[in-house]
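Here is the structure we will look at, set down as structure tokens.
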Amino acid sequence: MRAVTISLFGFLLVIAATIISFCDGNSNVLCIESERQALLKFKQHLIDRSNRLSSWVEGEDCCECLGVLCKNLTGHVKMLHLGLSSPYEDASDAEWDAYVGSKLGGEINPSLIELKHLSFLDLSNNDFGGLAIPEFIGSLKSLTYLNLSSANFQTPIPHNLGNLSKLNYLDLGHNCLFEAKTLQWVSVLSSLLYLDLSYANLTKATDWLQATHKLPSLVELHLSGCFLNNNPSPISVNYTSLTVLDLSRNTLSSVPTWIFSLRSLVSIDLNSNGVEGVIPNGFRDMSSLKFLDLSFNSFSSSSTLNWLSNLNRLQFLGLRGVSLQGNFSIATGNLSSLTFLDLSDNQLEIIEPKCLESLCNLREMDLSNNGIDQEVSEVIESLSRCSLDRLESLNIASNQLSGHLPDQLGQFKNLVYLSLSGNSISGPIPFSIGKLSSLKVLDVSHNRLNATLPQSLGQLGNLEHLDVSNNMLEGNISEMHFSDLTRLDYFSHLTTC
Ligand SMILES: *[C@@H]1O[C@H](CO)[C@@H](O)[C@H](O)[C@H]1NC(C)=O
Ligand SMILES: *[C@@H]1O[C@H](CO)[C@@H](O)[C@H](O)[C@H]1NC(C)=O
Ligand SMILES: *[C@@H]1O[C@H](CO)[C@@H](O)[C@H](O)[C@H]1NC(C)=O
Ligand SMILES: *[C@@H]1O[C@H](CO)[C@@H](O)[C@H](O)[C@H]1NC(C)=O
Ligand SMILES: *[C@@H]1O[C@H](CO)[C@@H](O)[C@H](O)[C@H]1NC(C)=O
Ligand SMILES: *[C@@H]1O[C@H](CO)[C@@H](O)[C@H](O)[C@H]1NC(C)=O
Ligand SMILES: *[C@@H]1O[C@H](CO)[C@@H](O)[C@H](O)[C@H]1NC(C)=O
Ligand SMILES: *[C@@H]1O[C@H](CO)[C@@H](O)[C@H](O)[C@H]1NC(C)=O
Ligand SMILES: *[C@@H]1O[C@H](CO)[C@@H](O)[C@H](O)[C@H]1NC(C)=O
């Protein structure tokens, strides 16, 4: 019986394939006429300055058009991929201009309703000039993915998006001016895995927690910059699948206690909220955490962070500008997975050497703008116990480090960025510095370095930025120093102070 079924299925496939190749020599299905017309009408109402949609023309198989994907067998349009990815921050002006120039604008024509099988619609990073999100999008019943992020939409979010019962991904973030009175319409989207409403003004939508916490499949919730306050009536929440919670850039006055019941959270972002009081111990039991950003709050914490003791999966810890004071130590346990540690802009005075010794996976550390008053050799030597091979970026600028730079400095082979500026470091720059072959930025300005610059600086073939200014360095800078430094584009000359 089974064999028969299989061969019958095979037979059907052959028929289907034959029909397809009948319609189109390339074995690709031609798109459906009514859907072709719908797409052309949709295009007519768009402003497309860079002519991105030049392939969308009468007579063409619309399934071959840029950004359009059809179902293989039926030819129904299933995906419209018209979002843009923004260039990297260090992209050239020309790349940025090209990106901005290729943004689509204009109007979004309801002709898209004709695309009955459309499951994926991405219009992100275009510029619809403050247009309202069209109501008809709530009728595109097949949608599983809707991305309208950063596309300059305005005015209230249409509640009939709650009709899109198949939605897995809903990203309306970064459209600055949304105002919502309620998120009740979200609570019926029971298939939702991912919700981003960042930068919607949810001042009045005080039901946001009620409306989202029972979504059984929700894995990521992004509500950054939504003017959220602490919920006046605390509820016990039921986010059964949530792993990523982003409540950064809101106006929470305390860390919501319900967070601590969500033991499976992997990522918590609470940066820039202005939270006051001590950092709650509740984080201690969140042993699944890999990412925790508490930067830019006003914790009045002691800097012995006992609550870190169990978080041995933590990879990213942001504690920038949270008013940490005095000695920094990690009391018990260890942070052996930590790759990124930001303790900058606090009032730390001592970094207990022991706590640096166990950071065996550290790649980036920022201790700048504190009052760290230690021998620089102590910090570097403790780091060299374990993170020698991995450390890529070390910033200890603007502290009160003193003493000489130790030879161990030359052993951090992967170091790309090193700033020690604005301390009281004296003595020579060690000859071993020449071994830092990955180094791109070296800033030792505003210290008390004396002696002559080592010739070995000339071996730093990847160096792009060198600042040794405002020290008491002696001697001449010879061409020998820099003959190989072909990439160097910034060099601040020796000045004596
Ligand atoms: C549909 O066709 C494309 C391109 O010919 C192919 O890569 C893809 O695997 C096919 N998908 C299915 C589900 O058959
Ligand atoms: C939506 O698009 C933006 C920009 O292209 C992208 O960064 C974001 O990850 C997308 N959202 C989802 C849920 O895929
Ligand atoms: C769609 O949503 C609107 C507004 O929320 C509602 O009035 C309407 O009944 C819904 N339609 C369907 C078919 O569910
Ligand atoms: C946010 O919404 C509230 C209430 O609707 C309003 O008072 C406030 O001005 C809005 N904030 C911004 C930045 O638009
Ligand atoms: C939380 O979710 C579980 C599983 O979906 C359900 O059994 C339970 O009743 C829910 N609790 C509340 C308070 O909603
Ligand atoms: C801070 O550390 C220094 C040096 O390890 C120690 O002498 C001092 O007692 C510590 N202060 C506090 C308040 O722990
Ligand atoms: C640190 O944590 C790792 C991973 O859990 C563990 O294997 C190691 O024994 C711990 N080390 C110390 C000193 O507690
Ligand atoms: C550098 O400064 C130290 C301490 O002030 C001094 O002992 C040393 O002689 C100086 N070295 C040079 C080469 O000037
Ligand atoms: C620096 O250069 C000047 C002039 O070229 C030379 O007289 C002097 O001896 C040099 N000083 C050192 C320390 O090499």
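Ligands are counted one by one from 1 in listed order, and the atoms in each one are counted from 1 as well.
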- Describe, in one word, how the ring planes of Phe260 and Phe283 are oriented to each other, choosing from parallel (under 30°), tilted (30 to 60°) and perpendicular (over 60°). perpendicular
- Query: Looking just at side-chain N and O atoms, do Ser445 and Asn470 make a donor-acceptor pair shorter than 3.5 Å?
  - Reply: no
- Message: Less than 3.5 Å apart, any donor N or O on the side chain of Asn152 or Asp127 sitting next to an acceptor on the other?
- Response: yes
- Item | Within 6.0 angstrom of Lys43 NZ, more than 12 heavy atoms from elsewhere | yes
- Note on the structure: Note: ligand 4 atoms sitting under 4.0 Å from heavy atoms of Phe227 are 13 (C)
- Look only at interatomic distance and state if Ser124 has a nitrogen or oxygen under 3.5 Å from any nitrogen or oxygen of ligand 2. yes
- Proximity of Tyr199 and Phe178 rings by center, below 6.0 Å: no
- Message: If the criterion is any heavy atom closer than 4.0 Å to an atom of ligand 8, which residues make the list?
- Response: Asn450, Ala451, Glu474
- Query: At under 4.0 Å between heavy atoms, which part of Asn125 makes contact with ligand 2: side chain, backbone, both or neither?
  - Reply: side chain
- Message: Need the ligand 4 atom indices (1-based, order shown) with element for anything under 4.0 Å from a heavy-atom of Thr203.
- Response: 1 (C), 2 (O), 3 (C)
- Would you say Gly83 contacts ligand 2, with heavy atoms under 4.0 Å as the rule? no
- Just jot down the ligand 2 atoms closer than 4.0 angstrom to any heavy atom of Tyr194, in number order. 13 (C)
- Message: A quick test of your reading: do over 12 heavy atoms of other residues, nucleotides or ligands sit less than 6.0 Å from NZ of Lys116?
- Response: yes
- Message: Could you tell me, atom by atom, which parts of ligand 2 come under 4.0 Å of a heavy atom of Ser149?
- Response: 1 (C), 2 (O), 3 (C)
- Task: Run the contact test for Leu84 against ligand 2 with a 4.0 Å cut-off on heavy atoms, strictly below, and give the result.
- Result: yes
- Message: Checking side-chain polar atoms at under 3.5 Å, does Asp196 have a donor or acceptor matched by the opposite partner on His222?
- Response: no
- Task: Classify the side-chain pair Ser254/Asn230 by whether it contains a donor and acceptor separated by less than 3.5 Å.
- Result: yes
- Item | Polar contact flag, side-chain donor to acceptor under 3.5 angstrom, Tyr169-Asp171 | no
- Considering residues, nucleotides and ligands other than Arg52, do more than 12 of their heavy atoms fall under 6.0 Å from its CZ? yes
- Query: Would you call the rings of Phe128 and Phe153 parallel, tilted or perpendicular, where under 30° means parallel and over 60° means perpendicular?
  - Reply: parallel
- Task: Ignoring angles and geometry beyond distance, decide whether Tyr145 reaches within less than 3.5 Å of ligand 2 through its nitrogen or oxygen atoms.
- Result: yes
- Message: Below 3.5 Å, N or O to N or O, backbone or side chain included: is there any such pair between Asn147 and ligand 2?
- Response: yes
